[in-house]
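Below: one structure, written as structure tokens.
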Amino acid sequence: MEGALGAGLDARFEVRRGEFRLALGLSIPLGRTVALLGPNGAGKTTALATIAGLHAVQQGRISLGGVTLDDPAAGVFVPPEQRRVGVVFQDYLLFPHLTVIENVAFGLRSRGVARLPAQERAADWLGRMGLAGLEGRRPDDLSGGQAQRVALARALVSDPELLLLDEPLSALDVTTRGRLRRSLAEHLAAFPGPRLLITHDPAEAFLLASEIHVVEGGAVTQSGTAEDIRLRPRTAYAADLAGSNLLEGIAGEGRVMVAGHELHIADDVEGPVLATIRPNAVSVHRQLPEGSPRNTWATTIDLIEHLGERVRIRTGPPLILAIEITAEATEALGLAVGDEIWVSIKATEIGVQADPA
Amino acid sequence: MGCIGLAWFVVPLVALVARTPWSALPRILGSEIVSDALSLSLVTSVAATAVAAVLGIPLAWLMARVEFPGRALVRGLVTLPLVLPPVVGGAALLFALGRRGLVGEAISQATGLVLPFSTWGVIVANVFVAMPFLVITVEGALRNLDSRYEGAAATLGAGRWTVLRRVTVPMIGPSVVAGLVLCWARALGEFGATITFAGNLPGRTQTLPLAVFVALESDRDAAVALSLVMVAVSLVVLIVLRERWWKAL
């Protein structure tokens, strides 16, 4: 059947806001999460607002489930209130003058559902989000994590065809972020339509999305899987921010076990963790270095890529890592693909955060 | 110097209270001329506030939300009555709405309604002088409102009217109330434009401030009593605004 072809989100457009211009092309099939990853001011929020219908495109076309939402050439523009798009806004934007249940029921009420059934469905969603009992609270009296889940419930309660999330975790403190990322991943998985995540945090994009578009200065500079972006960043931004090595492991007694390999860490953490290693924190040697740090092992070079003055190296087993050194050092060491090398990293250079299941 | 500055405000009020004929107060406030002026003032100031709400809130919305050429000029025109001497405003109203006025002639021919020197005229003068307080307060609130909330409501299926009713108005509600109270208080105290445009006819156009002015010539005790009533009203307005809405301005 051809039906599946039109399913999902298809957006290829150019939108101008004053001096700013954003050009974007993305397709998200049903049940898939795509992330727009980029620095502040790159145009990510403009992209979200445009897909939601809050801005009209100047050129191009946006369609959802085979239905055109915006196409200036064809004279089509579906206003936001008629698009079935659920949005979790940056800062959540819960209506401060309404209670939690009124916030969640808002979408149903505006679409003509009577008060009682709307409140019942809203209460049902609050229960699903683990927020039962908070119905009568005002948004000001919620914790960041509670507000995030209310915003998610508000976006999902009227069964949208598309879910857009703008920095859903950035307003949270570090201790709740890991837990809420897990719960967000579960809710995303339960949503059958396409999902678009907007974030400036590479870890969020890597963990929640199957495909990532790096957005810089109003344009997509790289698209690919988390693996592609992490191991082969094409721009300096991607290399700096997205290029960190992210390793899932189990911590205990000053060590983390990652895929059978033991890393010494400086933090005192127990249980499941997420370890981050910046590529430029790893040093490369031809021989076993003297007075070496405790984290030193032998490996091979799988890949070498030049990024201007920098060179990125991907190592093979026992631990696949992206490493960044200068072009000068690469030359001095005479590194080539397939070479055996020693790598080392100080325990203090390994960032560790608890990642409870 | 600061103390002299403070005394400048306080001494006249103390003098007013000291001069108050407390024992005769109930009799004076119960007299026909006072109760007429009081009820006329209440009716006209409330009516003027209602008219200002119906016309002024949409005007504030236009000024805050719609880009149109000459918007700065419109803002200037709206604030003009704040600085214009009210007598001049009253005179201008006479030329516009008087029996032979620019618009007044057409109005009286079409409807038979003659605005000057009538209770309607009092309301017209009050609206002219007091509406800017409401417009400016509401416009400021609309500008400060984070319009992303209205966008959020739109993505939740709310059309323009629903957004206005369920998001915009409730979120600027405190400022609207503050603007209405300020507008009402200004209308209640209006003197110059009223006496110029509507005259000073007891029972028809003689509001509280006008009655105070007349009573100063004939019956000092009544003037003091009426003044006291207005001071009390002003204080209540200030307290209400300070306690609940001042911060929203």
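Only heavy atoms go into these numbers, but all of them, side chains included; no hydrogens, no water, no symmetry mates. Residue numbering restarts at 1 for every chain, and letters A, B, ... go by the order of the sequence lines.
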Exercise for the section: Go through the atoms of A:Leu54 and report whether side chain, backbone, both or neither lie under 4.5 Å from a heavy atom of chain B. Expected result: side chain
Problem - Most chain B-contacting option - heavy-atom pairs closer than 4.5 Å, from A:Val157, A:Leu93, A:Leu164 - result: A:Leu93
Inter-chain donor/acceptor N,O pairs below 3.5 Å: chain B to chain A:
residue  : atom : partner  : partner atom : Å
B:Arg148 : NH2  : A:Asp91  : OD2          : 3.3
B:Ala154 : O    : A:Glu81  : N            : 3.3
B:Leu156 : O    : A:Arg111 : NH1          : 3.2
B:Arg166 : O    : A:His97  : NE2          : 2.8

With sequence neighbours excluded, what pairs up with [X] under the side chain to side chain contact (heavy atoms under 4.5 Å, CB included) test?
| X | answer |
| --- | --- |
| B:Leu29 | B:Leu25, B:Val34, B:Ala225, B:Val229 |
| B:Val17 | B:Trp22, B:Leu228 |
| B:Ala48 | B:Ile123, B:Asn126, B:Val127, B:Ala187 |

Exercise for the section: Quick one: closest heavy-atom pair of A:Phe106 and B:Ala158, and the distance? Expected result: CE2-CB, 3.9 Å
Problem - Heavy atoms from other residues, nucleotides or ligands near CZ of B:Phe68 exceed 12 (cutoff 6.0 Å) - result: yes
